[in-house]
Amino acid sequence: MPEGPSIVILKEAIDQLNLEGKVIRHVEGNTKIDKDRLINQKVTDFRSWGKHFLICFDEFTLRIHFLLFGSYLINEQKKTPPRLSLIFDKDELNFYACSVQIFEEPADKIYDWSGDIMSDSWKSANALKKLKANPGMLVCDALLDQNIFAGSGNIIKNEVLFRARIHPLNTVVKLPDKKLKEMVTETRNYAFDFLEWKKEFTLKKHWLAHTKKTCPRCNIPFHKEYLGKTKRRSYFCTNCQVLYE
DNA sequence: TCTCATGTTTAGGT
DNA sequence: GACCTAAACATGAG
C-alpha cells in the first residue's frame, strides 16, 4: 500500500465515484479524531501528496497515512473494524489500520506540491537543491526522506539506486553532478513505472533489485544490508553500483 | 507458529 | 539542540 504511486491509484479509484462536492452523511470508525467535525461537511477534492491521501474541505484537510499495514475498501467492508468510514448518500469509503489527522487549514496552505514525486507540479530542481543542502547525507537516506522525495519508499529506493548504478552508501556530495541529477530523474521515472506495473498487478515481477538474490546485470550475489539512519533493507551489487571516492 | 516488512512518530537516552 | 535507539502501532505473506 504505502508508496506514493499506490496513493495515486487510490485517488484515481475514488475520483471515479464523483464525490467532489458531495456531503458526508455519517462517520464511523475507531479513530481518535473528532468524527463530528466531518458530518455534513462537503468534500471539495481528493488529492495525494507523497504517501499522504488527502480529503479536502473548504476550511480544513483530512489526512490519511497508511503507514506499513494500512488498507482501504471502496463500497466494501472488512470484518475488522475500520479506523474511519466516510458514508455518503450512495458510496462509502473505509480505511483500516491507518493514521488519521485533521489539519485546520486547506491543503494548499500545508503542502508544497513540487516536492511530491507523483505530482504534475514536481520540480526536480527543488529536490536537487535540498540534496545539495545535505552534502553528508547517504543517498539511501535521501531517497527515503519525504522532505526531498515525497512518495518515495524502500522499493523505489532500491530500484532507483540499481537503475542508476549508484551504491547506497555514497554521500550526496560524492556523487558527480550528472549522477545526482540522474538519481533525481530516475526516482520520478521509476515511480511512474511502479504506478503502471502496480495497476497491472505485475509490480513484483518487475523488481530487479528489491528482495532479489542475484544481480541481473552481473550475475553475482546482491548484498542485503540494513543501511542508513532508518536501517532499512538495501539490496545492491558492489560490482555495478559505484561507490564514488 | 513464527518472522518479517512498501512507514512514521514519540519517548528516552547520551 | 543534535543525534541515536527502542518502542509503539498493526496486518498478512511466506
Side-chain angles (χ1 to χ4, degrees), chain A residues 1-13 29-33 48-54 61-73 76-85 94-103 110-111 115-118 133-138 140-163 168-169 171 186-213 222-236:
Chain A
M1 184 63 230
E3 299 192 34
S6 299
I7 309 302
V8 171
I9 290 171
L10 165 60
K11 178 199 152 36
E12 289 179 358
N30 55 23
T31 177
K32 286 180 204 150
I33 64 155
S48 68
W49 181 88
K51 300 167 187 171
H52 300 198
F53 180 60
L54 306 173
T61 307
L62 178 63
R63 188 200 75 181
I64 310 278
H65 196 303
F66 292 93
L67 301 164
L68 205 48
F69 310 127
S71 62
Y72 63 89
L73 284 173
E76 283 185 274
Q77 295 176 358
K78 284 193 189 196
K79 284 175 190 162
T80 51
R83 176 65 34 83
L84 180 70
S85 290
N94 296 306
F95 301 100
Y96 303 89
C98 52
S99 154
V100 179
Q101 251 179 290
I102 289 176
F103 299 102
I110 305 169
Y111 290 97
D116 173 14
I117 61 170
M118 304 306 293
N134 291 281
M137 186 183 254
L138 296 176
C140 61
D141 284 326
L143 281 165
L144 293 173
D145 189 323
Q146 299 303 296
N147 184 46
I148 305 175
F149 296 105
S152 176
N154 208 36
I155 296 172
I156 294 177
K157 174 197 82 180
N158 281 319
E159 293 295 317
V160 166
L161 292 175
F162 179 72
R163 272 189 175 188
L169 291 177
T171 53
E186 275 310 313
T187 301
R188 181 163 162 96
N189 284 345
Y190 181 78
F192 279 89
D193 288 341
F194 182 128
L195 175 64
E196 290 315 307
W197 291 329
K198 181 94 182 173
K199 284 179 179 173
E200 297 171 348
F201 305 102
T202 62
L203 178 64
K204 268 188 200 178
K205 199 183 82 182
H206 284 92
W207 287 344
L208 298 178
H210 190 70
T211 73
K212 295 298 177 181
K213 292 215 170 2
F222 268 126
H223 288 248
K224 177 191 174 187
E225 289 176 36
Y226 293 81
L227 302 179
K229 283 189 180 180
T230 50
K231 297 187 168 57
R232 304 291 302 278
R233 281 195 299 179
S234 291
Y235 295 84
F236 58 100

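Below, all heavy atoms of this structure are taken into account, side chains as well, without hydrogens, waters or symmetry copies. Order of the sequence lines sets the chain letters (A, B, ...), proteins ahead of strands, with each chain counted from 1.
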Euclidean distance, atom [atom1] of residue [X] to atom [atom2] of [N] [Å, nearest integer]:
| X | N | atom1 | atom2 | value |
| --- | --- | --- | --- | --- |
| A/Leu227 | B/dA5 | CG | C1' | 16 Å |
| A/Leu73 | C/dT11 | CG | P | 13 Å |
| A/Leu68 | C/dA8 | CG | P | 17 Å |
| A/Leu144 | B/dT6 | CG | P | 10 Å |
| A/Phe194 | B/dT6 | CZ | P | 11 Å |
| A/Ile155 | C/dA13 | CD1 | C1' | 14 Å |
| A/Leu67 | C/dT11 | CG | P | 11 Å |
| A/Gln101 | B/dT8 | CD | P | 13 Å |

Could you tell me whether the phosphate oxygens of [N], OP1 or OP2, come under 4.0 Å of any side-chain nitrogen or oxygen in [X]?
| X | N | result |
| --- | --- | --- |
| A/Arg83 | C/dC9 | no |
| A/Lys198 | B/dT6 | no |
| A/Lys51 | B/dT8 | yes |

What's A/Lys157 touching, base or sugar-phosphate or nothing? Going by heavy atoms closer than 4.0 Å. nothing
Sugar-phosphate, base or nothing in reach of A/Lys79, heavy atoms under 4.0 Å: nothing
Salt bridge or not between A/Asp141 and A/Lys231? Use side-chain N to carboxylate O under 4.0 Å. no
Assess whether a salt bridge exists between A/Glu3 and A/Lys198, defined as any Lys/Arg side-chain N lying under 4.0 Å from an Asp/Glu carboxylate O. no
With DNA chain C as reference, determine whether A/Lys204 or A/Ala97 sits nearer its 5' end, using the nearest nucleotide of each. A/Ala97
Under 6.0 Å between ring centres, would you say that holds for A/His52 and A/Tyr111? yes
Would you please indicate yes or no on a ring centroid separation below 6.0 angstrom for A/Tyr235 and A/Phe162? no
Please test A/Glu12 against A/Lys199 for salt bridge (Lys or Arg N to Asp or Glu O under 4.0 Å), starting from the C-alpha separation and ending with a verdict. CA-CA 11 Å; A/Glu12 289 179 358; A/Lys199 284 179 179 173; 3.0 Å; yes
State which of [options] makes the closest approach to the side chain of [X].
| X | options | answer |
| --- | --- | --- |
| A/His210 | B/dT8, C/dC4, B/dT6 | B/dT6 |
| A/Lys78 | B/dA5, B/dT8, C/dG12 | C/dG12 |
| A/Lys224 | B/dT6, B/dA5, B/dT8 | B/dA5 |

Could you give the distance separating B/dT3 and C/dA7 at their P atoms, to the nearest angstrom? 15 Å
Looking at B/dT6, which nucleotide sits across from it as a Watson-Crick or G-U wobble partner, both distances under 3.5 angstrom, or is there none? none
Could you check A/Thr230 against A/Tyr226 and say which one's nearest nucleotide on DNA chain B is further toward the 5' end? A/Tyr226
